Number of protein chains: 2
Amino acid sequence: MEEIDRRIVTLLARDGRMSFTDLARETGLSVSAVHQRVRRLEKRGVLRGYAALVDYDSIGLPLTAFVSIKPIDPAAADDAPDRLAHLSAVEACHSVAGDESYILKVRVASPIALEELLNQIRTAANVSTRTTVVLSTPYEHRTPEPAGEDGGGPEERA
Amino acid sequence: MEEIDRRIVTLLARDGRMSFTDLARETGLSVSAVHQRVRRLEKRGVLRGYAALVDYDSIGLPLTAFVSIKPIDPAAADDAPDRLAHLSAVEACHSVAGDESYILKVRVASPIALEELLNQIRTAANVSTRTTVVLSTPYEHRTPEPAGEDGGGPEERA
DNA sequence: AGTGAAATAGTCCGAGT
DNA sequence: ACTCGGACTATTTCACT
């Protein structure tokens, strides 16, 4: 991955609807060249898609939580992600190192809805759960700077 | 929030670059009407922006982790989010209930970069950290179904 | 809030370097 | 891999219902 591609990715990560015309202006390339690069980045899977960022309070899902899960039978086949995929409230599922197997991020309408969801998670995946309720979100969906060719990576913001 | 608006929000959450023409077809409205609704949803803050979904492996940040932080001085002013905002690697910051104060989601290039980042977090915000490394991510950025006017909310996927 | 139409702007592809 | 140019499609605004 090269400088201009990284720039395109960063720009689109910050504004997913930016036009090719604007991208061309920002990168100093022609519109066609940018178009070609974006299509290639999409095909290579570097750009995995585009999403609107939604205010969940506004759409009736004001309660966010992280749910850590652990199989009740430690020998069980670890297909928890598949078993939970049908639950719309589960926004993300990460396999993690540590005492628990997965961390889920969930969005629900209310404490009662959370209780029901936890019951569904437990029965669907045969797991125990530990829930951390989110009180507020100072920021989210920021875009980490791509790392250079070296593995060091800039942790400081430009 | 009404049925058609919820539909527009869901469609754009799933494909942030969907054209007004396509949105019009999906909702049965005219292009102008959809346009007007989208602009209103943006102004009301229901649609907070648009983002490209990036494959972090491809841009040199293959290591994701959740970092829970706790102030060393429990009486300290709780400005940790501000003190950490300059760290590009910090993708999200959630204030949470429980033993720790915040959960951060971070993306780094390597274990060494993670170590350096944790040091920066500790000194910048005067906190202790507890880190959970993400091994893999079965899914992420899914779009929970908006809840109806009732607070119940559908946890099952359509 | 909605429609339709017209002007502007962006997307996309082919040919050429 | 990039540029240019042209055909096509989408966005945006406005007058009207």
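Just so we're clear, the structure is a prediction, and the values are computed from it rather than from any experiment.
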Between [X] and [Y], does any side-chain N to carboxylate O distance fall below 4.0 Å?
X        : Y        : answer
A:Lys105 : A:Glu140 : yes
B:Arg40  : B:Asp5   : yes
A:Arg107 : A:Glu91  : yes
B:Arg37  : B:Glu2   : yes

Quick one, which residues of residues 31-44 of chain B touch DNA chain D with a heavy atom under 4.0 Å?
-> B:Val31, B:Ser32, B:His35, B:Arg39
Note the angle between the end axes of the helix from C:dA1-D:dT17 to C:dT17-D:dA1, five pairs defining each, rounded to 10 degrees.
->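 Computed angle between terminal axes is 30°.
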Would you say the side-chain atoms of A:Arg142 pair up with the backbone N or O of B:Ala85, donor to acceptor, closer than 3.5 Å?
->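 A pair under 3.5 Å: yes.
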Heavy atoms of chain B, cut-off under 4.0 Å: which first and last nucleotide of DNA chain D, 5' to 3', fall inside that, if you could look?
->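 It runs D:dA10 to D:dT13.
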Just checking, any donor-acceptor pair under 3.5 angstrom between side chains of B:Arg7 and B:Thr27?
->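 Note: B:Arg7 and B:Thr27 side chains miss the donor-acceptor criterion.
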Check the distance between C:dA9's P and A:Met18's CE and give it to me in whole angstrom.
-> 17 Å
How many Å lie between CG on A:Asp22 and C1' on C:dG10, as a whole number?
->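 One finds 10 Å between C1' of C:dG10 and CG of A:Asp22, rounded.
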Assign each of B:Arg17 and B:Ile4 to its nearest nucleotide of DNA chain C by heavy atoms, then name whichever residue's nucleotide is nearer the 5' end.
->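 Whichever sits nearer the 5' end wins; that is B:Ile4.
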Do the ring planes of B:Phe66 and A:His94 sit parallel (below 30°), tilted (30 to 60°) or perpendicular (above 60°)?
->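 Judged by the thresholds at 30° and 60°, the geometry between B:Phe66 and A:His94 is perpendicular.
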Answer yes or no: does atom CD1 of B:Ile72 have more than 12 heavy-atom neighbours from other residues, nucleotides or ligands under 6.0 Å?
-> yes
Could you pick out which residue, B:Thr21 or A:Leu29, lies toward the 5' side of DNA chain D when each is mapped onto its nearest nucleotide?
-> A:Leu29
Considering all heavy atoms of both residues, which atom of A:Gln120 and which atom of A:Leu87 are nearest to each other, and what is their separation?
->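 Reported closest heavy-atom pair: OE1-CD2, 3.9 Å.
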Measure from NZ or CZ of A:Arg17 to the centre of the six-membered ring of B:Phe20 and say whether it is under 6.0 Å with the direction within 45° of the ring axis.
->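 Geometry flag: set, cation within 6.0 Å and 45°.
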